Protein chains: 2
Amino acid sequence: MVDSKPTAPSRRSDATRAAILDAARERFAADGYERATIRAVARDAGIDPSMVMRYYGSKEGLFAAAVAVDLKLPDLGPLPREEVGSALVTHFLAVWEENEVLTALLRVGASNQAGAERMQGVFQDQLLPVAQQVCPDPEQIPARAALTATQMLGMALARYVLRFPPAVALSRQEIVAWLAPTVQRYLTAPNP
Amino acid sequence: MVDSKPTAPSRRSDATRAAILDAARERFAADGYERATIRAVARDAGIDPSMVMRYYGSKEGLFAAAVAVDLKLPDLGPLPREEVGSALVTHFLAVWEENEVLTALLRVGASNQAGAERMQGVFQDQLLPVAQQVCPDPEQIPARAALTATQMLGMALARYVLRFPPAVALSRQEIVAWLAPTVQRYLTAPNP
DNA sequence: CGCGTTCGCCAACGGTTGTTGACCAACGGT
DNA sequence: ACCGTTGGTCAACAACCGTTGGCGAACGCG
C-alpha cells in the first residue's frame with residue numbers, strides 16, 4: 001500500500017501544478033473570473049503563463065481544476081432533529097473560512113455562466129442529499145434546500161464578498177444564534 | 001410650472017443619453033462589469049462608442065450613472081409590528097422584478113470593488129433608516145439590518161443571478177410566506 | 001554514458017478593450 | 001443668412017488578454 005489512491009502518476013511538476021492551483025484560487029476569489037488573468041496567476045506561482053496553458057488547457061480548464069468544492073457536509077441522521085440548523089450553520093461557517101475556494105466560486109458564479117452552473121452542481125450533489133435526511137415532505141425537499149441555500153449564500157455574500165461592515169463584525173457564535181433557527185425552520189418546519 | 005425639477009437643461013441629446021443608460025443597465029445585469037463592454041452598450045443604443053465616453057467620461061462613470069438605485073422602501077411607522085416582515089419581503093420582490101438595476105448592481109458588486117461599495121451605500125442610506133423604525137435596541141440596528149440584507153440578497157442571488165431552479169420555481173407568495181417570518185425575527189425579535 | 005521525455009522560458013500572434021482626437025452635419029440664436 | 005454650439009461618426013492608438021510554437025536545459029531510465 002504505497003499509494004492511497006489508485007491514480008498517482010507522481011510527476012516531477014506536481015509542486016508547480018499545486019502552486020498554480022493555489023494562486024488561481026486566490027486570484028479567482030479576489031478578482032472574479034475576468035479580472036483574474038492567467039498572466040497574474042502565473043506571476044503569483046512564479047512561472048511562465050504558457051505553463052498554465054500546458055497543464056490546464058485553457059482558462060476555463062484552470063477554473064474547473066482550481067474550484068473543486070467538497071462541502072464535507074456531516075451526516076444529519078444520528079443528530080436530534082432540533083439541532084440540524086445549528087449544526088449546518090456552524091459547519092458552513094467553518095468550511096467557508098478555512099479556504100477561499102467557496103469565495104472564489106461565489107464571486108465567479110455571480111458573473112459567469114460556467115461558475116453559476118458549477119455552483120448549482122454543488123447545491124444538487126451535496127446540499128440536496130442532506131436536506132433529504134431531515135425534510136418531512138419529500139416533494140418539498142428542493143424548495144427547502146434552496147431556501148437554506150439562500151440564507152447561507154446571502155450571509156457569505158454580505159460577509160466575505162461585499163464585506164458589509166455589520167456582517168463582518170458579527171462573531172461566528174452570533175451568526176449561528178441568528179441563522180440556526182432560520183435554517184432549522186426552512187428544513188424541518190411542517191408548514192410554510 | 002413648466003419644469004418639475006429646478007435642474008432641467010433639456011438637452012437635445014437626452015434621448016440618446018437615456019438609451020445609453022438603458023442599454024448599460026441591461027448589459028451590466030446580464031454580463032457583469034468586465035464583460036459588459038462599452039462597445040456592446042453603444043451597439044445596443046445604436047450609436048458610436050465614443051459617445052458613451054463623451055457623455056459619461058469613462059466606463060466607471062457610465063456604471064455610476066446607470067446603477068442609481070432607489071429601493072422606495074415604505075414607511076414602516078404606521079404598520080402593525082407583526083407585519084413588517086411580510087411588507088418588506090413583498091416590497092423587495094416587487095422592486096427586484098420591476099427593473100434590472102438591482103440585478104446589475106448585485107452582479108457587479110460581486111466582482112468589482114466600486115460595485116460593492118455602492119451596494120454598501122444603498123444598504124446604509126436606505127435599509128438602515130427603515131430598520132431604525134422597528135428595531136428594539138438601537139445598538140443592534142446595524143446587525144439586524146445586515147441580517148435582513150443577507151436573507152434578501154441571498155434570495156435575489158439564488159433566484160435572479162445563479163438561477164437555482166427550485167428558487168426560480170417558487171411563487172412570490174411562497175417566498176413571502178417563507179421569508180417574512182425570518183425578516184420579522186431578524187428585525188423585531190427581542191432575543192438573538 | 002546516451003537519449004527520449006519532461007519542465008520551463010521566451011517571443012510572438014490575433015483579437016479585444018477603453019479611450020482619444022480629428023472631422024462632418026445639423027441645429028438655433030441673432 | 002451667418003456662425004458658434006452641439007450631436008454624431010470614423011479611424012486609430014496603446015495596452016492587455018488568451019493562446020501558441022519553438023528552443024534550451026534538466027531529468028531519469030536503459
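All values reported here derive from a predicted model rather than from experimental measurement. Chain A is the first sequence line, chain B the second, and so forth, proteins listed ahead of strands; every chain is numbered from 1.
The closest side-chain donor-acceptor pair between B/Thr150 and A/Arg159, if any, does not fall under 3.5 angstrom. Using modelled atom types and a 3.5 Å distance limit, the side chains of B/Tyr160 and B/Glu100 yield no donor-acceptor pair.
Rounded to an integer number of Å, the gap from CZ of A/Arg27 to P of D/dG18 is 12 Å. One interatomic measurement links the two molecules: CZ of A/Arg11 to P of C/dT6, which rounds to 11 Å at whole-angstrom precision. For the pair A/Arg39 CZ and C/dT17 P, the computed distance is 16 Å after rounding to whole Å. Counting to the nearest Å, the C1' atom of D/dC17 and the CD atom of A/Glu60 are 15 Å from each other. As rounded to whole Å, 11 Å separates atom P of C/dG18 from atom CZ of B/Arg43. Nucleotide D/dT19 holds its P atom 15 Å from the OH atom of A/Tyr56, rounded to whole Å. Regarding A/Ile38, its CD1 atom lies at a distance of 20 Å from the P atom of C/dC13, rounded to whole Å. The distance between atom OH of A/Tyr33 and atom P of D/dG18, rounded to the nearest whole Å, is 8 Å.
If you check D/dG7, C/dC7, D/dG18 against the side chain of A/Lys59, the one that comes closest is D/dG18. The A/Ser50 side chain lies nearest to D/dG21 when the options are C/dC7, D/dG21, D/dG7. Closest approach to the A/Thr37 side chain among D/dT9, D/dC17, C/dG18 is made by D/dC17 (side chain taken as heavy atoms from C-beta onward). For A/Asp48, the listed nucleotide lying nearest its side chain is C/dC9; candidates were D/dT19, C/dT19, C/dC9. If you check D/dG8, D/dT20, D/dG22 against the side chain of A/Arg54, the one that comes closest is D/dG22.
Note on A/Ser13: every side-chain N or O is 4.0 Å or more away from OP1 and OP2 of C/dT6.
Taking each heavy atom of B/Gln120 and A/Pro165 in turn, the nearest pair found is OE1-CD, 3.6 Å.
A/Thr16 comes within contact range of the sugar-phosphate backbone alone, with a heavy-atom separation under 4.0 Å but no base atom that close. Nucleic acid contact for B/Tyr55: sugar-phosphate only, since backbone atoms but no base atoms lie under 4.0 Å from a heavy atom of the residue.
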Exercise. What dot-bracket string describes DNA chain C from 5' to 3', counting Watson-Crick and G-U wobble pairs whose defining distances are under 3.5 Å, with [ ] for crossing pairs and | for pairs to another strand?
Worked result: ||||||||||||||||||||||||||||||
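Two residues are said to be in side-chain contact when any heavy atoms from C-beta on lie closer than 4.5 Å; A/Leu147 and A/Val183 fail this criterion. In this structure, B/Leu102 and B/Leu106 have side chains that are not in contact, with every pair of non-hydrogen atoms separated by 4.5 Å or more.
Panel note: side chain B/Asp44, backbone B/Val41; no donor-acceptor pair is recorded below 3.5 Å. Side-chain N or O atoms of B/Arg163 include none that pairs as donor or acceptor with a backbone N or O of B/Val168 at under 3.5 Å.
Evaluation of atom-type donor-acceptor distances gives no pair under 3.5 Å for the side chain of A/Arg12 against the base of D/dG28.
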